[in-house]
Amino acid sequence: MGKKVVFVDDSQTVLMSSKMIVKPLVDSGVIEFFEFENPLDFLEKVKNEGFVYDLVITDVNMPQMNGLDMAKELKSIPELKLKPILALTTENSPEKKQLAKEIGLAGWITKPFTPEKLLMGVKRVLKIR
């Protein structure tokens, strides 16, 4: 069983391209890929089904819920407090980055991103060679 990596983004395009980028890690069994277009659906799965992940990669600006608010909620769950969360977003304001740091996000990847940058972020956070 690979490490559970969850992508939360309201853009179907970003989810599809992210899935293609990490496909070699999925195919080799290093990670399992999960995707949610709606952060509220993901929170429901975590809270109601006890879903535990190894890494969350989230957009910041989404219609249903801001990714930083979602991260705050995830970090408030004791067994998930230390699980890493990366932002993958067009958002680039120093204030948002500072808030992300305070919440405890492990990193920030700005869109548009290169496949190498996303893979490097996933591997770095999960300590994959």
Side-chain angles (χ1 to χ4, degrees):
M1 282 295 235
K3 294 188 182 273
K4 293 181 174 125
V5 179
V6 179
F7 283 80
V8 183
D9 201 306
D10 58 316
S11 163
Q12 199 54 56
T13 307
V14 170
L15 290 173
M16 280 173 34
S17 60
S18 299
K19 190 177 199 167
M20 285 181 359
I21 291 167
V22 300
K23 191 177 183 327
L25 296 176
V26 173
D27 290 348
S28 63
V30 175
I31 69 167
E32 290 179 73
F33 182 92
F34 297 86
E35 62 182 70
F36 292 86
E37 273 185 69
N38 184 333
L40 299 173
D41 293 343
F42 174 52
L43 283 173
E44 190 177 307
K45 184 169 181 72
V46 167
K47 291 176 177 177
N48 297 342
E49 297 175 30
F51 179 78
V52 177
Y53 54 83
D54 295 290
L55 169 64
V56 170
I57 299 174
T58 184
D59 189 7
V60 171
N61 300 313
M62 295 179 280
Q64 310 87 346
M65 178 186 222
N66 171 317
L68 296 179
D69 290 339
M70 180 192 73
K72 226 182 281 181
E73 251 188 80
L74 291 170
K75 292 286 185 185
S76 74
I77 301 168
E79 53 272 24
L80 301 178
K81 191 172 179 53
L82 299 175
K83 298 288 183 184
I85 301 172
L86 287 173
L88 180 65
T89 179
T90 56
E91 185 64 59
N92 208 7
S93 78
E95 299 80 29
K96 287 266 168 87
K97 286 182 173 181
Q98 183 55 41
L99 180 58
K101 231 179 237 169
E102 289 166 14
I103 293 168
L105 267 68
W108 192 275
I109 300 170
T110 308
K111 295 176 187 172
F113 57 92
T114 63
E116 297 76 32
K117 191 162 188 147
L118 179 60
L119 269 177
M120 203 171 69
V122 169
K123 287 178 172 182
R124 177 182 57 85
V125 172
L126 293 177
K127 296 174 177 57
I128 299 168
R129 289 177 184 245

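Predicted model only: the values in this text are computed from it and were never measured.
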Note to self: Please determine whether side-chain contact (heavy atoms from CB on, under 4.5 Å) holds for the pair Thr89 and Lys96, giving the CA-CA distance in whole Å, both sets of side-chain angles, and the decisive distance to 0.1 Å.
What the structure shows: CA-CA 11 Å; Thr89 179; Lys96 287 266 168 87; over 6 Å; no
Notebook entry, point to check: Where do Leu68 and Leu105 land on the side-chain contact (heavy atoms from CB on, under 4.5 Å) test, with the steps shown first?
Noted result: CA-CA 9 Å; Leu68 296 179; Leu105 267 68; 4.0 Å; yes
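- Here Phe42 pairs with Phe36, Tyr53 under the ring-ring contact (aromatic ring centres under 6.0 Å, His included) rule; sequence neighbours left out.
- Atom OG1 in Thr58 sits 8.5 Å away from atom CG in Leu74 (nearest 0.5 Å).
- Residues Val22 and Val56 do not share a hydrophobic cluster, clusters being chains of Ile/Leu/Val/Met/Phe/Trp/Tyr side chains in contact below 4.5 Å.
- Sorted by first and then second residue, the pairs that involve residues 76-86 and meet salt bridge (charged side-chain N to carboxylate O under 4.0 Å, His left out), not counting sequence neighbours, are Asp54-Lys83.
- Arg124 and Gly107 get closest at one heavy-atom pair: NH2-CA, 4.3 Å.
- In the hydrophobic clustering of this structure, Leu126 does not group with Met120; members are Ile, Leu, Val, Met, Phe, Trp, Tyr whose side-chain heavy atoms approach within less than 4.5 Å, directly or through other members.
- Residue pairs meeting the side-chain hydrogen bond (donor to acceptor under 3.5 Å, both in side chains) criterion with at least one partner in residues 7-16, sequence neighbours excluded, are Asp9-Lys111.
- For Lys72, the side-chain hydrogen bond (donor to acceptor under 3.5 Å, both in side chains) test picks out no residue, with sequence neighbours left out.
- Note on Phe7: it clusters hydrophobically with Ile21, by side-chain heavy-atom contacts below 4.5 Å among ILVMFWY residues.
- Summarising the geometry, atom CG belonging to Leu118 is positioned 10.0 Å from atom CD belonging to Glu116; distances are rounded to the nearest 0.5 Å.
- Applying the side-chain hydrogen bond (donor to acceptor under 3.5 Å, both in side chains) test to pairs two or more places apart or on separate chains, those with a residue in residues 97-106 are Asn92-Lys97, Gln98-Glu102.
- The line from CD of Glu35 to CG of Leu15 is 5.0 Å long, rounded to the nearest 0.5 Å.
- There is a path of hydrophobic side-chain contacts, each under 4.5 Å, that joins Leu55 to Ile109.
- Residues Ser18 and Leu88 have side chains in contact (heavy-atom distance under 4.5 Å, counting atoms from C-beta outward).
- The NZ atom of Lys3 lies 12.0 Å from the CG atom of Leu25; values are rounded to the nearest 0.5 Å.
- The one candidate from Val60, Leu43, Ile103 that meets the side chain to side chain contact (heavy atoms under 4.5 Å, CB included) condition with Met70 is Leu43.
- Qualifying side-chain hydrogen bond (donor to acceptor under 3.5 Å, both in side chains) partners for Lys19, counting only residues two or more places apart in sequence or in other chains: none.
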Next item on the list: Decide yes or no on side-chain contact (heavy atoms from CB on, under 4.5 Å) for Ile57 and Val125, but give the supporting numbers first.
Entry: CA-CA 11 Å; Ile57 299 174; Val125 172; over 6 Å; no
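- Distance NZ/Lys4 to CD1/Ile31: 13.0 Å, rounded to 0.5 Å.
- Scanning all heavy atoms of the two residues, the minimum distance from Pro39 to Met62 falls at CG-CE, 3.7 Å.
- Distance CD/Gln64 to CG/Asp69: 12.5 Å, rounded to 0.5 Å.
- Residue Ile77 is grouped with residue Val6 when hydrophobic side chains (ILVMFWY) are merged at heavy-atom distances under 4.5 angstrom, including chains of intermediate members.
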Margin query: Go through it in stages, so that I can follow the logic: the residues are Glu73 and Val46, the test is side-chain contact (heavy atoms from CB on, under 4.5 Å), and I'd like the CA-CA distance, side-chain angles, deciding distance and then a yes or no.
Written below: CA-CA 10 Å; Glu73 251 188 80; Val46 167; over 6 Å; no
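- Counting all heavy atoms, side chain and backbone alike, Leu86 lies closest to Trp108 at CD2-N, 4.4 Å.
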